[in-house]
Amino acid sequence: MSQLYDCRDAFAQALEEAARNDPRIVVVINDSLGSSKLKGFKAAFPQRLVNVGIAEQNMVGVAAGLANGGKVPFVSGASPFLTARALEQIKVDLAYSQANVKLCGMSSGLAYGELGPTHHSIEDLAWTRAIANLTVVVPADPLETAQAVHEAARLSGPFFLRISRMPVPQVHPADYRFRLGKASWLRQGSDITLIATGVMVARALEAAALLANDGIEAAVINMATIRPLDREAVVEAARRSGAIVTVEEHTIYGGLGGAVAEAVVTTYPVPMRILGVPGVFAPTGSPEYLLEHFGLTPAGIRAAALELLKARAEQ
Amino acid sequence: MTPDREDQLAALRKKANLLRQRDLVMIQRAGIGHIGGDFSALDILVTLYFAVLRVDPQHPDAPDRDRFILSKGHCAGALYNTIAEVGFFPTSELETFMKPLSRLNGHPDRTKVPGVEASTGPLGHGLPVGVGAALAARLDGAPWRTYVLTGDGELQEGSNWEAAMAAAHYGLDNLTVIVDRNRLQQGAPTEDTIRLEPLADKWRAFGWAVREVDGHDHAALLHMLQSESWEAGRPRCLIAYTHKGQGVSFMCDNVDWHHRVPTPEEAERALQELREAVHG
């Protein structure tokens, strides 16, 4: 098995690098120093780390004010609380105001498995994706995470970076360059396309390998930018393969699947399957257990792809 | 009081009265607006913009400007009238207030209106943003100050108290919150809705330096806002006792005027009262 990484390490390291190059960068946290892995940042830049305590609405408002004062704040906290509790502040103080603030939703998706549905962040893409002006990015591996941090620091405007704590392998080659709003094609194939995001990208690649054993060539796309979505890549996938399966550790309503489906039905309609959490609160269990429970495994993705191809053949 | 000071205060009174008249005409023309809260806040806004804030309408984004944040965003009308008079945009544009495609939305938009520091509307947003701005100045060792005007009913939003805690923790004595204490919220008195008193004690308990003032007394407002007597290391809270609908007898302290639009007859009566007040 290939080496696994916690993307928070890449996040923290990249943020320190960015902060060394740009004195405007500050961090705002809600008592989340450890869970954001920012102890190193605090040691390197003690004056540039603002801990507002357990107060998410204030955290996002403070970041907007810091941006008004010329700073580039990175706001880091557990994604369920950052996005839900401060949603109006995200909409008004950041997105509507075009504030130069970078939200970093940690431990998103099902990463807090055992802690229960209060701590699962399986709606954050739907919430953030619905807000105008807000860029939404979900990196798939440590390389992409680091590059997304640097891109967020470089670009002016509100940005949401969704970061997991579930271990993932490196899915991109060392010379990969993340481009905002551009999907990356990790595998070519003309029978079906798997479009995945975040921690599911590696699993989609494994599913494609299983499908190859079945004689089915599946393309795999890493859709790291959820908004603005790479509609061209979606259309190309639809044209080339005629069938799309999306995979995310997020509710099936309003996330990657919703975004891709919106693009598909308005450009080049083809049959789709949307894999994710099917509109329920997840039970308690480890992240791996929950992914298994919802079929978000290589085997589960393979099964969905086969079912879709069978249904299409019968049409 | 020096003659200069007396002239300054007379000018502020005159300016506030003029802006009340313009605001009234603007709201009547638009057929929508929040006249009661506009009138309770106008003396505070005029004092800030014409005597306290270091802002330059020619350079609205100058890094060292003072920041003013209108947290009670529904009183955009009072802010627009004030900053137009300062010169951030032509006063003639007030005629477009809340008209289709006007940038003078019913709540201020920082991306469109020069001089607006924060897009507000939903209550309880201004103080957290003010805390962030004050922190930015602190980080840079910059001398500019941040002022936030909140409504009183709006203090029922918990986000204010999150921000109040943080401001005191960080010792932000470059931050001043002014509470427009008109004692009325949309539908009823604050004390009949969710009680705020003892309000000064609450701010003190949160670690703030607190002063109380007649929010329609320009001399008192100016004295407090320019005073050097505030405790060092504490954020400042100025509770300004005001009257909703101040300046017009039949609007004053009347909850109905939170967002009622005057009829032509009421508008004429109100304008008459305001004109007499400035000449009398």
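These numbers come from the heavy atoms of this one structure, side chains and all, not from hydrogens, waters or symmetry mates. From a predicted model like this one, the values you see are computed outputs, not experimental measurements. Note on naming: letters A, B, ... go to the chains in the order of the sequence lines (proteins, then strands), and numbering restarts at 1 for each one.
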Looking at [options], which has the largest count of heavy-atom pairs under 4.5 Å with chain B?
options	result
A:Val26, A:Val92, A:Val52, A:Ile54	A:Val92
A:Gln98, A:Glu88, A:Met59	A:Glu88
A:Gln89, A:Gln47, A:Arg24	A:Gln89

Donor + acceptor pair across side chains of [X], [Y] (<3.5 Å):
X	Y	answer
B:Thr190	B:Arg181	yes
A:Thr266	A:Arg231	yes
B:Gln156	B:Thr193	no
A:Ser79	A:Asp124	yes
A:Gln57	B:Glu157	no

Proximity breakdown for [X] and chain A, heavy-atom pairs closer than 4.5 Å:
X	result
B:Asp109	both
B:Arg67	side chain
B:Pro63	neither
B:Trp161	neither
B:Ala118	neither

Parallel, tilted or perpendicular, judged at 30° and 60°: which one describes the rings of B:His258 and B:His74?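 Rings of B:His258 and B:His74: tilted, 30 to 60°.
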
Partner chain A: residue of [options] with the largest heavy-atom pair count (under 4.5 Å):
options	value
B:Lys112, B:Glu117, B:His169, B:Met165	B:Glu117
B:Val131, B:Thr146, B:Asp140	B:Asp140
B:Leu127, B:Thr111, B:Asn160	B:Thr111

Given heavy-atom pairs under 4.5 angstrom as the criterion, report whether the side chain, backbone, both or neither of A:Val50 touches chain B.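 Looking at A:Val50, backbone and side chain both touch chain B.
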
Cation-pi check, B:Arg54 onto B:Trp144 ring (under 6.0 Å, within 45° of axis):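 Not flagged: B:Arg54 not positioned over aromatic ring of B:Trp144.
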
Greater than 12 external heavy atoms within 6.0 Å of A:Glu232's CD: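 Counting neighbours around CD of A:Glu232, 12 or fewer heavy atoms of other residues, nucleotides or ligands fall under 6.0 Å, so no.
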
